[in-house]
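Only this structure's heavy atoms are used, side chains among them; waters, hydrogens and symmetry mates stay out.
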Amino acid sequence: MADQRSSDDQHTGAPTRLSQGYEELYDKLLRQIGARWDAMPDRVCVHWPMRESTYSGRLLVVGQALNAWMVDGPTTSLNDPSKRAALLAATREVSESASAWDWMRPMPWSRPFWRLARIAMDKLGLELRDIAWSNLAKVAPATGGNPDRHLLGAQHDLGGQLLKREIDELNPALVLVISRRGYLEPFLASAQLAPLWSSDGARQFDGTLDGRRWIVVKHPGTFASSFNASKAAVLEAFGVPRPA
C-alpha cells in the first residue's frame with residue numbers, strides 16, 4: 001500500500017471554480033455526443049464535478065455515472081451552441097454553489113456508492129462540505145440507469161481527458177474510485193494513467209498515480225455480498241484488517 005503524503009497542505013487552496021479550459025473540453029464532449037444523437041438516448045443528464053468552497057483538497061470520490069439528475073435536456077439540443085452553454089451553466093451552478101450538497105444532506109445514505117464513500121470520509125474525518133465528487137461518464141440517460149455502449153464509448157477519450165484535468169485542478173490528496181475495472185480502464189487510458197492492477201478481491205488498486213494516492217474498489221451494484229466485499233476493501237485500504 002502506498003504511503004499517503006505527510007501533509008495535506010499542498011492540496012489546499014483549490015480554485016472555487018474549474019477553469020475555462022475544462023469547460024471548453026466539456027463543451028467539446030457534449031458537441032460530439034450531440035452529433036451522434038440518433039444513436040443516443042432521447043434526453044441526457046450532465047454532471048459537473050461537485051464541491052463547495054469549503055472543499056479541503058483531501059478527497060475526491062469518483063463514480064461511474066449519474067442515475068438521473070436534476071440538469072438534463074434533449075440530446076438533439078447538444079448541437080446548438082447556446083443550448084449546450086445553458087446546460088453546462090445550469091449544472092455548473094448546482095455543483096459549484098455554496099449549497100451544492102443540500103440535496104444530499106436530508107437523504108439517507110442508503111445507496112451503495114455513498115455508503116462506501118462515507119467509510120472513507122469517516123476514516124479521514126471529513127464531511128460532505130470537505131470533499132469533491134465526480135463521475136467517469138459526465139453524460140448519462142436522463143431517465144436513469146447506466147449509459148449504454150454507444151453513449152459510454154463516445155465519452156472514453158474526452159472523458160479521460162476531463163478526469164485528468166479535474167484531478168489536476170482539484171488537486172486531491174486521495175482519489176477514491178468506485179467502479180468496475182472494465183468501466184474505468186478506457187478513461188484511465190485516455191488520461192494516460194496506468195495502475196498496476198490488483199487481483200485481490202474488490203480492491204483493484206491502491207497506490208500512487210501521477211504523484212497522489214488512488215484507491216480503486218469495485219462498484220458493488222445492488223448485491224449485499226458484493227457490497228460487503230467492497231466495504232472490506234475500503235476499510236483495508238485504511239488499515240482495517242479483513243475479518244478472519
Side-chain angles (χ1 to χ4, degrees), residues 14-55 57 60-104 113 128-129 131-148 150-172 175 177 179 183 186-187 190-191:
T16 304
R17 294 172 63 83
L18 289 170
S19 70
Q20 181 64 30
Y22 181 88
E23 183 168 343
E24 290 170 358
L25 194 59
Y26 203 147
D27 178 77
K28 184 177 180 181
L29 172 66
L30 296 183
R31 188 167 69 247
Q32 289 192 4
I33 291 173
R36 307 179 196 178
W37 63 269
D38 54 343
M40 303 295 171
D42 292 338
R43 295 183 66 88
V44 290
C45 58
V46 297
H47 182 223
W48 190 273
M50 177 170 285
R51 77 267 185 261
E52 295 181 356
S53 61
T54 50
Y55 167 60
L60 168 65
V61 184
V62 181
Q64 294 183 159
L66 294 171
N67 186 14
W69 190 240
M70 62 188 74
V71 179
D72 63 59
T75 309
T76 54
S77 71
L78 302 183
N79 292 308
D80 183 318
S82 63
K83 292 179 180 178
R84 282 199 313 274
L87 197 66
L88 277 179
T91 187
R92 185 169 195 165
E93 182 179 2
V94 169
S95 288
E96 293 186 337
S97 72
S99 57
W101 290 109
D102 282 1
W103 65 276
M104 182 69 174
F113 174 87
L128 282 170
R129 62 187 180 87
I131 75 165
W133 164 48
S134 188
N135 278 294
L136 298 168
K138 299 294 186 288
V139 185
T143 53
N146 279 309
D148 64 17
H150 299 291
L151 182 54
L152 187 61
Q155 298 184 71
H156 284 153
D157 182 23
L158 289 175
Q161 294 178 48
L162 284 165
L163 175 67
K164 178 65 166 61
R165 187 151 191 160
E166 68 199 21
I167 290 173
D168 287 346
E169 294 189 21
L170 293 173
N171 196 24
V175 180
V177 183
S179 171
Y183 197 109
F187 290 95
S190 176

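- Shown here is Gln32, whose CD atom has more than 12 heavy atoms of other residues, nucleotides or ligands within 6.0 Å.
- With rounding to the nearest 0.5 Å, the separation of CZ in Arg51 from CG in Leu60 is 10.0 Å.
- To the nearest 0.5 angstrom, Leu158 atom CG is 12.5 Å from Leu163 atom CG.
- The closest side-chain heavy-atom distance from Val139 to Leu151 is below 4.5 Å.
- Taking each heavy atom of Gly34 and Leu78 in turn, the nearest pair found is CA-CB, 3.7 Å.
- When all heavy atoms are compared, the tightest approach of Asn67 to Gly144 is OD1-CA, 3.3 Å.
- Listed here is the closest heavy atom pair of Thr54 and Arg129: OG1-O, 2.7 Å.
- No donor-acceptor pair under 3.5 Å is formed between the side chain of Glu166 and the backbone N or O of Ser134.
- Salt-bridge formation is not detected for the pair Glu24/Lys28: no Lys NZ or Arg NE/NH1/NH2 atom is positioned less than 4.0 Å from an Asp or Glu carboxylate oxygen.
- For Glu23 (side chain) and Ser19 (main-chain N/O), no donor-acceptor pair under 3.5 Å exists by modelled atom type.
- Note on ring orientation: taking the six-membered ring where Trp is involved, the planes of Trp133 and Trp69 are perpendicular (angle over 60°, cut-offs 30° and 60°).
- Minimum heavy-atom separation, Ala154 to Leu29: O-CD1, 3.9 Å.
- A distance of 12.5 Å separates CD in Glu96 from OH in Tyr55, rounded to the nearest 0.5 Å.
- With Thr75 contributing its side chain and Trp37 its backbone, the two residues share no donor-acceptor pair below 3.5 Å.
- Atom OH of Tyr26 sits about 6.5 Å away from atom CG of Leu88, to the nearest 0.5 Å.
- Few gaps surround CG on Asp168; more than 12 heavy atoms of other groups in view lie less than 6.0 Å from it.
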Run the side chain to side chain donor-acceptor pair (under 3.5 Å) check on Ser97 and Glu52 step by step: do they pass? CA-CA 6 Å; Ser97 72; Glu52 295 181 356; over 6 Å; no
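- The side-chain heavy atoms of Pro147 and Pro141, taken from C-beta on, include a pair separated by under 4.5 Å.
- Minimum interatomic distance between Ser179 and Tyr183 (heavy atoms only, all atoms of both residues): OG-CB, 3.6 Å.
- Contact check for Pro172 versus Ile167: side-chain heavy atoms found under the 4.5 Å cut-off.
- Gln161 places no side-chain N or O within 3.5 Å of a backbone atom of Leu25 that could act as its donor or acceptor partner.
- Side-chain atoms of Val71 and Val94, non-hydrogen and from C-beta on, do get closer than 4.5 Å to each other.
- Distance check: Arg43 CZ to Thr76 OG1 gives 9.0 Å after rounding to the nearest 0.5 Å.
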Does Leu18 form a side chain to side chain contact (heavy atoms under 4.5 Å, CB included) with Arg165? I'd like the steps, not just the answer. CA-CA 9 Å; Leu18 289 170; Arg165 187 151 191 160; over 6 Å; no
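- Of all heavy-atom pairs between Ala39 and Asp148, the closest is O-OD2, 4.4 Å.
- Of the possible polar contacts, one joining the Thr91 side chain to the Trp48 backbone as a donor-acceptor pair under 3.5 Å is found.
- With Ser77 contributing its side chain and Pro74 its backbone, the two residues share a donor-acceptor pair below 3.5 Å.
- Relative ring orientation between Phe187 and His156 is described as perpendicular, the plane-to-plane angle rising above 60° on a 0-90° scale split at 30° and 60°.
- When the options Val46, Asp72, Asp27, Asp80 are evaluated for a side-chain contact (heavy atoms from CB on, under 4.5 Å) with Leu87, the one that passes is Val46.
- Atom NE2 of residue His150 and atom CE of residue Met40 lie 8.0 Å apart, to the nearest 0.5 angstrom.
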